[in-house]
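When reading the values below, keep in mind they use all heavy atoms of this one structure, side chains included, and skip hydrogens, waters and symmetry mates. In what follows, chains are A, B, ... by sequence order, proteins preceding strands, each numbered from 1.
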Amino acid sequence: MPELPEVETVMRGLEPALVGQTIVEAEIRRPNLRFPFPERFADKLIGRTIVRLERRAKYILAFLDDDTVWLSHLGMTGRFTVFADGENSRNLAEFYFQPGSEDAGQGKHDHVVLSLNNRIKIVYTDPRRFGVMDHFPASDVVSHKLLANLGIEPLGNELNAAYLAEKFLGKKAPLKATLLDQKYIAGLGNIYVCEALFRAGLSPTRKSSTLSNRGKPTAKGEKLVQTIRACLNEAILAGGSTLSDYADANGNEGSFQQRFDVYDREKLPCHKDGCTGTVKRLVQSGRSTFYCPKCQK
DNA sequence: CGGGACTCCTGCCAGC
DNA sequence: TGCTGGCAGGAGTCCC
């Protein structure tokens, strides 16, 4: 589920339930996700109060009251579910919440279960286990292995045509691949790259360097910056995209998938006004790309 | 070094 | 109906 808009949505859903609360129990139900959990992970979380949440790229950072950070990444199939009983759920947004129950967190792929002092339970579920959790001093946020090499946030001011012109100068890799590379722009994933390229009328196969005019910004780059921002902002407003709901969440699901122009629309007509093209699927660095060959050049 | 293939893991679905 | 192969929102690592 998770690219930037989905992670942002998840974080916003977690905030009212977590911030200001203290972790009273932590159950780590297996040794690892993608990587091993930290040593004595549960002990490090128990007794800590969550001071605030932040999103960096596709990571959720929970800052704790002992100046440490609990980091989470949802991988492909990770999700958090908040279990709240009637009393304490009343003041929380309806989003993402399930009624409290005795078997909360007992599912086959429920790997981490936290109980908070407000009687809320937070369950992390991840069938494929491509997710990540870690815990480290807050002072290490900048240097942390997973965070140190991330590029700029696409919704921040740093993303502009000049940035693309500088970073993409001389880059031969296909534009699609470079936009997916988190060391340039952090937070984009397969869906929103496809969608932003469609809106910009740019082919995923063109060389990245074509958005750079000997290091100077281009109109195409300017357009792409706009469409990236628009896609992400619209998706956040829609609560992200929900592609499968086998976890059967009770809460609201995102709806941006209903507005996809190209993603998962192979062989369907191009949405662009006046374009008679058909959406095509191709594989770039092992991943599906959807685009309209007729209007994306 | 840049670029691409491979890898982790489970579930689902189309096609036979 | 049941099996098989392909594919899935990510990204670190390895190899050329």
Side-chain angles (χ1 to χ4, degrees), chain A residues 1-11 29-37 55-60 71-80 107-111 124-134 144-151 154 167-197 204-209 212 228 231-232 235-236 238-249 253-260 262-267 281-290:
Chain A
M1 162 208 188
E3 297 182 33
L4 187 153
E6 292 74 34
V7 177
E8 180 71 23
T9 302
V10 168
M11 189 196 72
R29 300 183 58 197
R30 52 171 299 117
N32 62 307
L33 295 172
R34 188 165 176 212
F35 305 119
F37 286 111
R55 180 190 57 72
R56 171 73 174 110
K58 300 171 196 170
Y59 293 90
I60 295 172
L71 169 149
S72 301
H73 189 292
L74 304 174
M76 295 270 254
T77 54
R79 65 167 62 200
F80 281 104
K108 182 178 175 186
H109 301 297
D110 294 343
H111 308 309
Y124 178 78
T125 309
D126 188 355
R128 291 177 74 181
R129 308 203 301 271
F130 287 172
V132 175
M133 283 195 194
D134 202 0
H144 189 278
K145 194 182 177 196
L146 296 171
L147 305 176
N149 296 317
L150 291 174
K167 294 294 180 180
F168 293 7
L169 176 64
K171 257 197 107 39
K172 292 174 187 164
L175 184 52
K176 160 86 182 310
T178 306
L179 292 174
L180 278 179
D181 191 331
Q182 304 293 299
K183 76 174 178 245
Y184 300 109
I185 304 172
L188 301 181
N190 209 25
I191 292 176
Y192 297 103
V193 167
C194 289
E195 295 298 312
L197 285 172
T205 62
R206 67 160 53 229
K207 284 193 176 74
S208 308
S209 59
S212 185
I228 288 172
C231 284
L232 296 177
I236 290 171
S241 302
T242 305
L243 296 192
S244 81
D245 60 351
Y246 50 82
D248 194 25
E253 290 172 346
S255 63
F256 190 76
Q257 69 277 8
Q258 294 164 14
R259 304 224 290 272
F260 289 167
V262 286
Y263 187 83
D264 205 20
R265 290 193 66 251
E266 186 183 12
K267 296 179 182 167
R281 172 182 176 270
L282 59 82
V283 175
Q284 291 179 288
S285 33
R287 311 195 62 194
S288 287
T289 298
F290 298 91

Answer yes or no: does a side-chain N or O of [X] lie under 4.0 Å from OP1 or OP2 of [N]?
X	N	answer
A/Lys108	B/dT10	no
A/His109	B/dT10	no
A/Arg79	C/dG9	no
A/Thr77	C/dA8	no
A/Arg34	C/dG10	no
A/Lys58	C/dA11	yes
A/Lys145	C/dG12	no

(request) Look at the aromatic rings of A/Tyr192 and A/Phe256 and report parallel, tilted or perpendicular, splitting at 30° and 60°. (result) tilted
(message) Over 60° means perpendicular and under 30° means parallel, so tell me whether A/Tyr124 and A/His111 are parallel, tilted or perpendicular.
(response) tilted
(message) Counting C-beta onward and ignoring hydrogens, is there a side-chain heavy-atom pair between A/Pro154 and A/Leu232 closer than 4.5 Å?
(response) yes
Would you mind reading off the distance between [X] atom [atom1] and [N] atom [atom2], rounded to a whole angstrom?
X	N	atom1	atom2	answer
A/Glu3	C/dG10	CD	C1'	9 Å
A/Leu232	C/dG9	CG	P	16 Å
A/Asp181	C/dA11	CG	P	10 Å
A/Asp264	B/dA14	CG	C1'	13 Å
A/Lys183	B/dG2	NZ	P	6 Å
A/Glu266	B/dC13	CD	P	18 Å
A/Asp126	B/dG11	CG	P	11 Å

Nearest to the side chain of [X], heavy atoms from C-beta on, is which of [options]?
X	options	value
A/Lys172	C/dG10, B/dG3, C/dC7	B/dG3
A/Leu146	C/dG12, C/dG9, B/dG3	C/dG12
A/Tyr59	B/dC8, B/dG3, C/dG12	C/dG12
A/Phe35	B/dG4, C/dG12, C/dG10	C/dG12
A/Arg129	C/dG9, B/dG4, B/dC9	B/dC9
A/Met76	C/dC7, C/dG10, B/dG11	C/dG10

(request) Between A/Arg128 and A/His73, just flag the one whose closest nucleotide in DNA chain C comes earlier from the 5' side. (result) A/Arg128
(message) With nearest nucleotide decided by heavy atoms, which residue, A/Phe130 or A/Arg281, maps closer to the 5′ end of DNA chain C?
(response) A/Arg281
(request) Write down the partner of C/dG9 under the Watson-Crick or G-U wobble criteria, each distance required to be under 3.5 Å. (result) none
(message) I'd like to know if the side chain of A/Glu6 reaches the main chain of A/Ser241, judged simply by a donor and an acceptor atom lying under 3.5 Å from each other, with no hydrogens or angles considered.
(response) yes
(request) For residues A/Ala186 and A/Ala57, report the shortest heavy-atom separation together with the two atoms involved. (result) CB-CB, 3.5 Å
(request) With heavy atoms under 4.0 Å as the rule, sort A/Gln182 into base, sugar-phosphate or nothing. (result) sugar-phosphate
(message) Students often get this wrong, so: under 4.0 angstrom with heavy atoms, is A/Pro174 touching a base, only sugar-phosphate, or nothing?
(response) sugar-phosphate
Considering only atom [atom1], compute the distance from [N] to [M] and round it to an integer number of Å.
N	M	atom1	result
C/dG9	B/dG3	C1'	23 Å
B/dA5	C/dC7	P	14 Å
B/dC9	C/dC14	P	16 Å

(request) Return yes if a side-chain donor-acceptor contact under 3.5 Å exists between A/Lys176 and A/Thr289, otherwise no. (result) yes
(request) Decide side-chain contact (heavy atoms from CB on, under 4.5 Å) for A/Leu179 and A/Phe168; before the verdict, give the C-alpha distance in whole Å, the side-chain angles of both, and the deciding distance to 0.1 Å. (result) CA-CA 10 Å; A/Leu179 292 174; A/Phe168 293 7; 4.1 Å; yes
